[in-house]
Amino acid sequence: MSSYSEDDAFEAASIPLSQRAMAARPMPYLDGLNPAQREAVEKLDGPVLMLAGAGTGKTKALTTRIAHLLVSGTAQPNEILAVTFTNKAAREMKNRVSKLMQMPLEGMPWLGTFHAIGVKLLRRHAEMVGLKSNFTILDTDDQIRLLKQLLAAANIDDKRWPARMLSGIIDNWKNRALTPENVPVADSSAFDGKAVDLYAQYQRRMLELNACDFGDLLLHIVTIFQKNPDVLAQYQRWFKYILVDEYQDTNVAQYMWLRLLAGGHKNICCVGDDDQSIYGWRGAEVGNILRFEKDFPGAHVVRLEQNYRSTEHILGAASGVIAANAGRLGKTLFTEAKGGEKVRLIGHWDGEEEARWIGEEAESMQMGTRGLDPMSLDDMAILVRASHQMRSFEDRFLTIGLPYRVIGGPRFYERMEIRDAMAYFRLAVSPTDDLAFERIVNTPKRGLGDKAQQKIQTMARSNGVSLLEGARLVVETKGIGGKGGAELAKLVDGLTRWAAMIRDPQTSHIEAAEIILDDSGYTTHWQNDKTPEAPGRLENLKELVKALEQFENLQGFLEHVSLIMDNESEAEEPKISIMTLHAAKGLEFPAVFLPGWEDGLFPSQRSMDESGLKGLEEERRLAYVGITRAEAICTISFAANRRVYGQWQSAMPSRFIDELPEDHVDVLTPPGLYGGGYGAAGMTGSTLHEEAASANVYNSPGWKRLQSRSGQRGMSQPAEAKNMTIDMTATSSFTAGDRIFHGKFGYGTVMGIEGDKLDIEFDKAGSKKVVAKFVVAADMADDVPF
DNA sequence: CCGAGATGTCGGTCG
DNA sequence: GACATCTCGG
C-alpha cells in the first residue's frame, strides 16, 4: 500500500477520536430505528441485501450503518466504499452521516458517485490503459463532435447513420462492459456493419487525445482490475466495507466493478427496490438485484416495509398498481398512518383544461380549502411522463401568475455559453486540447469557416502536432489570408499570452478567467447579441467566474467541474415544482399531481414497442414511483384529447387507472364550468365513447355523472372536434390504391400498409412511410384545417 | 462566410 | 409546436 501513501485516501483515519473511546461510546442513533432497520444496520459482516420500499427510511438505515461502522470501530472512514448514482445522493449521505456522528466528516474519501470514484481510481492507474493521469473527461457534446469526424472520415452518410445513434450504441456497449474486442458479432450490423470498427477507432482517438468519456470511467477500471490481479487485490484488501445505494439501477459494468471489489472481504451491502427500477433504457439491469442472493451466497436479506411517508390510501393505490408486475422480489408495505384522503382521479376534455384545473387546484390548496390546512407551493409537485408535457403547465401558470420551477432542464454546465467559456479555459490550460480548439476557433465568429479549419487540420496532421500548433504554423506561413488570417493570428497570440498568464502567480486565476473572456471577444459577442436570452447568458458567465473562487486555480476547477453538473438554485419564494417522473425518484411532496395518464403517453407507446412486456412493467414501476412520492394528497388525471407535435390526438385513459384499487380512489366530478370534461369523447356517438367507458371499472355516482355529461361540451374547441373526427376515420381505414392527402406532402396514392403506417407514393414528394392518422382521404382534403 | 428560409426530428437522464 | 440542422442566395 505504500506506493499510494501520497494520497490521503489510504492514510490513517482522520477522525480524531481514538478507536477505544468510540467503542465505549453509547450508540443513541440506534434507538430511533425499527426492528428491520436495526437489523440492516447491525448486520455488518457478509453480504447484505436491503430491500427498501418507497419511503421506508432507506437513507436513514444506510447512513446509520456507516455511522455504526465508524463508531463501533469496525472500519476506518477511508476503508469504507460507499457509492451512489447522483451527486445529490452522495452529498446527502455525507451530511447525514456527519450529523449522526455529530462532527464534520472529512475523512470519507470513498463516498461518492460511481463516476467520481471511477475518476479517482483511473487517475492513479491511467497508464495501465494508455492514458496519462491528467486525462480530460469529454462531455456529450465533445463526444458527438468526435464521432461526426470519424463518420465523415469513414465516408458514412450521417443522415442514415447519425452520430447520436452511434454514441448511443457505444454507450450501450460500455454499459455492458464491452470493449471493442468483446462486442458480440450479433450486435454489429448497424452502420453498415462498421459500428464495432468505429467504436475501436473512437477509443483509439480518445487515447490520442488523452481523454475519456463517462462510460470509460467505469469500463477502464474494470479492464484494469481484470488485467492486473495484484492491483485488484490491493483494493479488495483495502475496502473492508462496501455500500451501494439504488442497487436496482446498476448496469453490467457497475455490477462487475462491484463484484470485483467485493471479492475480498465480501462485506457488501446493497440497498435497493426492484419496484423502483426505472432506468432499464439506460442500461440498468433489474436482474442485478433479483440475482443478489445467487451472486453472494449466504447473503442476508432485510426487508424494510414500514412506510413513513404516505397515507394508507396512497400506499394502497401504489401497491395495487405494482402488484400487476410479475417477477418481483415482493414486499408488503404498510403504514401506521390510517385515514387520509383517497387518491383522487379526474378526467378532462383536453390537456389545456387539465392544466387549468391543476392550476386552480394548486391555488385552492395554497389557500386551504376543503377544511385542509393551507399548503405552501413548495409542498406541491406535478410529475409528468415526458418533458413535452411540461409546456402546457408553464403556459397556464404564466398566465395566472402561479410561481413554478422546472426541475431538470439544461443544467448550468451544459449551457452553450458555459461550455464555450470552459473550452477557452481548457485550451489555455492545456494547449493540446483539440476538441476545445475546434469548439472555439470560430466562436465568436472570426471568419474561419470549414475551409479555413480544414487547412488548420491538414497542417496539424501533416506535422503531427496539436490543432493550436497547426494554427500557429498556418499563421506563420500565411496560409489563410484576409480577415480570417488576421483573426486567427490574434487568437493564437492570445492563447499564448493567456497560458503564460495562468502560470504567472502574480495574476489570480479569477482575473485570468475574466481577461480571457474579454480578450477573446467572447464577452463582447454576447453583449452585441440582441436575442432575449443574451443578458441571461452574460449573467451565467459572471456566475461561472464567481464559481472559480472556490478553487485554487483553473486546473483544479476544470478537474472538478466535469463531474459536478448540478446547479443548486437558492431558495426563493415558494414555487410549485414541475418535473419528470424520473427526476422525481427519491423526492417526496405532501401533494402530488400526476397528469397525462393516457394509454400511449403513459404507459409510453415507444417503451412498449421497443421492449414489450418488459417495457410495460418498467412503465408500471414508474407509475408506482409517481404515486409513492405523495405524502398526503395524490391526484391522477387524464385528458381525452391532447396536442402532440401540433396535431390533435385522442386517447383512452391509461390502463394503470384500471389497476388502481377502487377502495383507495375517489373519482372527482369535473368542475362543470368547462362543460363535461372527459365524457366529451362521446360527442359524435363514435366508438371512442364506448371504448373509453369500458376502459374503467368505476361505478361511483361521481363517475357516472362524469360519463353522462357527454355531449354537453362547450363550444370552445371546434377545431379539435373536427380533427378528431378526421383522425378516427383515418385510422386504418385505407387500402392500397386509395388516393390520399397529407398536410405536408400533398396528394398521393397508398401503396401498402404496415401496422399503423402507410407506404405512400406522393405525387410530388416521392415515396414515404407516413403514420395513417396524418393522412386523410383525398376527397376530404378540403375539410382539413392544415 | 453568413443569414434566411426550408426541412427534418421529436424518451426518460446521471455522470 | 420548437429546435437543430441543411440549403441556397447574396
Side-chain angles (χ1 to χ4, degrees), chain A residues 83-90 112-119 137-141 143-144 148 158-159 162-165 168 171 174-175 212-219 245-246 249-251 253-254 277-284 351 383-392 394-395 407-411 413-414 416 442 444-453 480 482-484 487 560-566 579-586 600-611 615 618-619 621-622 625-626 642-648 744-745 765 768 771:
Chain A
V83 267
T84 64
F85 275 84
T86 63
N87 287 310
K88 202 170 147 210
T113 61
F114 274 102
H115 293 89
I117 292 171
V119 178
I137 301 165
L138 301 190
D139 57 39
T140 332
D141 251 28
Q143 215 178 331
I144 299 287
K148 271 193 182 148
D158 97 332
K159 284 246 179 57
R164 288 211 157 278
M165 184 195 273
D171 258 8
K174 288 189 174 175
N175 285 340
C212 66
D213 62 23
F214 288 120
D216 287 334
L217 296 179
L218 286 164
L219 184 58
D245 194 14
E246 306 279 13
D249 288 339
T250 48
N251 60 36
Q254 288 157 341
S277 162
I278 54 175
Y279 285 108
W281 52 274
R282 206 168 74 186
L383 313 183
V384 298
R385 174 63 185 87
S387 54
H388 61 74
Q389 289 172 261
M390 294 180 179
R391 234 205 59 214
S392 58
E394 293 194 57
D395 284 353
I407 306 221
R411 285 174 290 279
Y413 289 108
E414 282 174 1
M416 181 200 339
N442 205 27
K445 299 269 181 278
R446 294 192 171 87
L448 297 163
D450 281 352
K451 259 202 157 154
Q453 292 188 38
I480 298 173
K483 180 170 168 278
E487 287 285 330
H560 281 82
V561 113
S562 49
L563 285 176
I564 305 165
M565 304 283 272
D566 50 11
M579 70 189 92
T580 62
L581 286 161
H582 285 91
K585 191 163 77 146
L601 180 59
F602 187 46
S604 131
Q605 191 58 51
R606 185 163 166 186
S607 182
M608 293 186 294
D609 289 348
E610 280 172 12
S611 318
E618 182 154 316
E619 296 286 311
R621 291 192 291 267
L622 213 39
V625 167
R642 203 174 280 284
R643 203 173 6 206
V644 186
Y645 301 137
Q647 299 280 337
W648 283 94
K744 203 166 229 166
F745 305 127
K768 291 197 190 317
V771 179

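Since the model is a prediction, treat every value here as computed from it, not as a measurement. The sequence lines fix the lettering, A, B, ..., with proteins before strands; numbering per chain opens at 1.
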Next on the checklist: Please pick, from dC2(B), dT5(C), dT13(B), the nucleotide with the shortest atom-to-atom distance to any side-chain atom of Y279(A).
Outcome noted: dT13(B)
Checklist entry - Any idea which of dG11(B), dT13(B), dG15(B) is nearest the S604(A) side chain? => result dG11(B)
Item to check | Secondary structure of DNA chain B in dot-bracket form (Watson-Crick or G-U wobble, distances below 3.5 Å, | marking inter-strand pairs) | outcome: ||||||||||.....
Checklist entry - Where the side chain of N87(A) is concerned, which of dG15(B), dG11(B), dA2(C) is the nearest nucleotide? => result dG15(B)
Item to check | Among dC2(B), dG11(B), dC14(B), the nucleotide that comes nearest once only the side chain of N442(A) is considered | outcome: dC2(B)
Checklist entry - Relative to the ring of H115(A), is the ring of F214(A) parallel (under 30°), tilted (30 to 60°) or perpendicular (over 60°)? => result perpendicular
Next on the checklist: Is the shortest side-chain heavy-atom distance between H582(A) and R385(A) below 4.5 Å?
Outcome noted: yes
Checklist entry - Counting heavy atoms not belonging to D450(A), are there more than 12 under 6.0 Å from its CG? => result no
Checklist entry - Could you state the interatomic distance from OH (Y279(A)) to NZ (K585(A)), rounded to the nearest 0.5 Å? => result 6.0 Å
Checklist entry - According to the 5.5 Å centroid and 30° plane-angle thresholds, does F214(A) stack upon the nucleobase of dC14(B)? => result no
Item to check | Pairwise side-chain contact, T84(A) with E246(A), heavy-atom cut-off 4.5 Å (strictly under) | outcome: no
Next on the checklist: Within the 4.0 Å heavy-atom criterion, would you say K445(A) contacts the bases, only the backbone, or no part of the nucleic acid?
Outcome noted: sugar-phosphate
Checklist entry - What nucleotide among dG15(B), dT5(C), dC1(B) has an atom nearest to a side-chain atom of T86(A)? => result dG15(B)
Checklist entry - Of the nucleotides dC14(B), dT5(C), dG12(B), which one has an atom closest to the side chain of W281(A)? => result dG12(B)
Checklist entry - Hey, are the side chains of L218(A) and Q254(A) touching, using non-hydrogen atoms and a 4.5 Å cut-off? => result yes
Checklist entry - Starting at the 5' end of DNA chain B, which residue's closest nucleotide do you reach first, Q453(A) or E610(A)? => result Q453(A)
Checklist entry - Counting side-chain heavy atoms from CB outward, which of dG12(B), dG15(B), dC1(B) is closest to T113(A)? => result dG15(B)
Next on the checklist: Checking contacts here: which listed nucleotide (dT13(B), dG15(B), dC10(B)) is nearest the side-chain heavy atoms of Y645(A)?
Outcome noted: dC10(B)
